[in-house]
Participant: 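My questions all concern the structure below.
Each chain gets a letter, A, B and so on, in the order the sequences are listed, and its residues count up from 1.
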Amino acid sequence: MPELPEVEVTRRALAPHVEGRTLESVAVRERRLRWPVPLRLHEQLAGRRVERIDRRGKYLLWRFAHGTLISHLGMSGTWRVWPREPGRPVPLPQVHDHIDLLFRAHCIRLTDPRRFGALLWSAVADGPVEGHPLLAGLGIEPFDPGFSGEWLYRLTRSRSAPIKQVLLAGDVVVGVGNIYASESLFRAGINPKLPARRLGRARCGLLAAAISEVLAEAIAVGGSTLRDFVGADGVAGYFMNDAFVYERAGQACRLCATPITRVLQGQRATYYCRRCQRR
DNA sequence: CACGACTCCTGCTGGC
DNA sequence: TGCCAGCAGGAGTCGT
């Protein structure tokens, strides 16, 4: 499922085909995503130029002069780039190919079988997109210089929930989903069940560093291959080849050979090594 | 405020 | 071999 690295990999693949280009038309075949896709999307966007494509957490922000198109990939969404060239037709849309953004030279296609994704419009007249209800409560970016052990420490003092669930909540730091939460906690040697407020400054420092490193490494290799994540260029990522704990229940820890433990936290699977993660 | 349960949806898994 | 119930999962929403 797309977490921050997969979204960032997607953003980088889209940017050269989208930034500074004029959107010719929008085809919406299925409006029923997490929230209904706006009815007037084509009228709002056709003939308008995408100035920039940014990422905030797991959201992609397609910035136009008159507003921002907000997209989220949910569990199973992908944006895929298809060239539009004479003699090489864009493939016919398949069942789950819900949206096409047509530029002169490319078709950017949203596929989302589970329809947990979103595509929303935020007009300039409604205020800065950063204040949109979906974005306003988000935590700091993990690559922001302000994200540190101290930040983690400060924002977890009032949190009694397990540290794994606080990471997933996204209001402290964004972009850490189920895979990278388990992997980051493993790297930091921290037990995922530990109440967040019981982490001291030292452990917060280790965890903040682990999160940034794990996410950066995942971006560098093109995102996770879990659930067939394929980048916008059609090339699969490699992170899962290197997972230390995720989906490795019962298998030997790569560091100490202890069988990896799987537990449920808030209806979600957490994987950890009970020997390596005792901090 | 913080937390946990519930919810959306479909592909995949496992049991028979 | 085939069918189908049950589960997983991001994150907003709601009740406590």
Participant: Quick check for you: among B/dT10, C/dG9, B/dC3, whose closest atom lies nearest to any side-chain atom of A/Asn178?
Facilitator: C/dG9
Participant: Quick one: label A/Arg262 by what it contacts on the DNA or RNA (base, sugar-phosphate, nothing), any heavy atom closer than 4.0 Å.
Facilitator: sugar-phosphate
Participant: Specify the separation, in whole Å, of atom CZ of A/Arg159 and atom C1' of B/dG4.
Facilitator: 13 Å
Participant: Using whole Å, report how far CG of A/Asp112 lies from P of C/dA11.
Facilitator: 13 Å
Participant: Taking the minimum atom-to-atom distance to the side chain of A/Gln267, which one of B/dC6, B/dT10, C/dG12 wins?
Facilitator: B/dC6
Participant: May I ask you to say what A/Arg115 touches in the nucleic acid, namely base, sugar-phosphate or nothing, with a heavy-atom cut-off under 4.0 Å?
Facilitator: sugar-phosphate
Participant: Is any NZ, NE, NH1 or NH2 atom of the basic residue among A/Arg56 and A/Glu130 found under 4.0 Å from an Asp or Glu carboxylate oxygen of the other?
Facilitator: no
Participant: For DNA chain B, whose closest nucleotide is more 5', that of A/Ser158 or that of A/Arg268?
Facilitator: A/Ser158
Participant: Name the closest nucleotide to the A/Tyr59 side chain, picking from B/dA5, C/dG9, C/dG12.
Facilitator: C/dG12
Participant: Quick one: which of A/Arg268, A/Lys164, A/Glu247, A/Gln265 gives a side-chain hydrogen bond (donor to acceptor under 3.5 Å, both in side chains) with A/Asn178?
Facilitator: A/Lys164
Participant: Is a donor on one side and an acceptor on the other found under 3.5 Å between the side chain of A/Arg11 and the backbone of A/Leu61?
Facilitator: no
Participant: For the pair made of CD in A/Gln265 and C1' in B/dA5, what is the distance, rounded to whole Å?
Facilitator: 16 Å
Participant: By the 4.0 Å heavy-atom rule, please label A/Ala169 as base, sugar-phosphate, or nothing.
Facilitator: nothing
Participant: Mapping A/Phe116 and A/Ala161 onto DNA chain B by nearest heavy atom, which one lands closer to the 5' end?
Facilitator: A/Ala161
Participant: State whether the side chain of A/Glu30 and the backbone N or O of A/Asp97 hold a donor-acceptor pair below 3.5 Å, judged by distance alone.
Facilitator: no
Participant: Measure the acute angle between the ring planes of A/Tyr59 and A/His72, then classify it against the limits of 30° and 60° as parallel, tilted or perpendicular.
Facilitator: perpendicular
Participant: What is the separation between atom CE on A/Met75 and atom C1' on C/dC7, rounded to the nearest whole Å?
Facilitator: 11 Å
Participant: A/Lys164 has an atom NZ; how far is it from atom P of C/dA11, in whole Å?
Facilitator: 13 Å
Participant: Which nucleotide sits closest to the side chain of A/Arg34: C/dG9, C/dA11, B/dC6?
Facilitator: C/dA11
Participant: Roughly, in whole Å, what's the span from CD1 in A/Ile179 to C1' in C/dA8?
Facilitator: 12 Å
Participant: Which nucleotide, B/dT10, C/dG10, C/dG9, lies nearest any side-chain atom of A/Pro113?
Facilitator: B/dT10
Participant: Within the structure shown, what part of the strands sits under 4.0 Å from A/Leu168 by heavy-atom distance: base, sugar-phosphate, or nothing?
Facilitator: nothing
Participant: Rounded to whole angstrom units, what separation is found between the CG atom of A/Asp171 and the C1' atom of B/dA2?
Facilitator: 9 Å
Participant: A/Leu134 side chain: which of B/dC3, B/dG4, C/dG12 is closest?
Facilitator: C/dG12
Participant: Applying a 4.0 Å non-hydrogen cut-off, can you work out what A/Arg32 is touching in the nucleic acid: base, sugar-phosphate, or nothing?
Facilitator: nothing
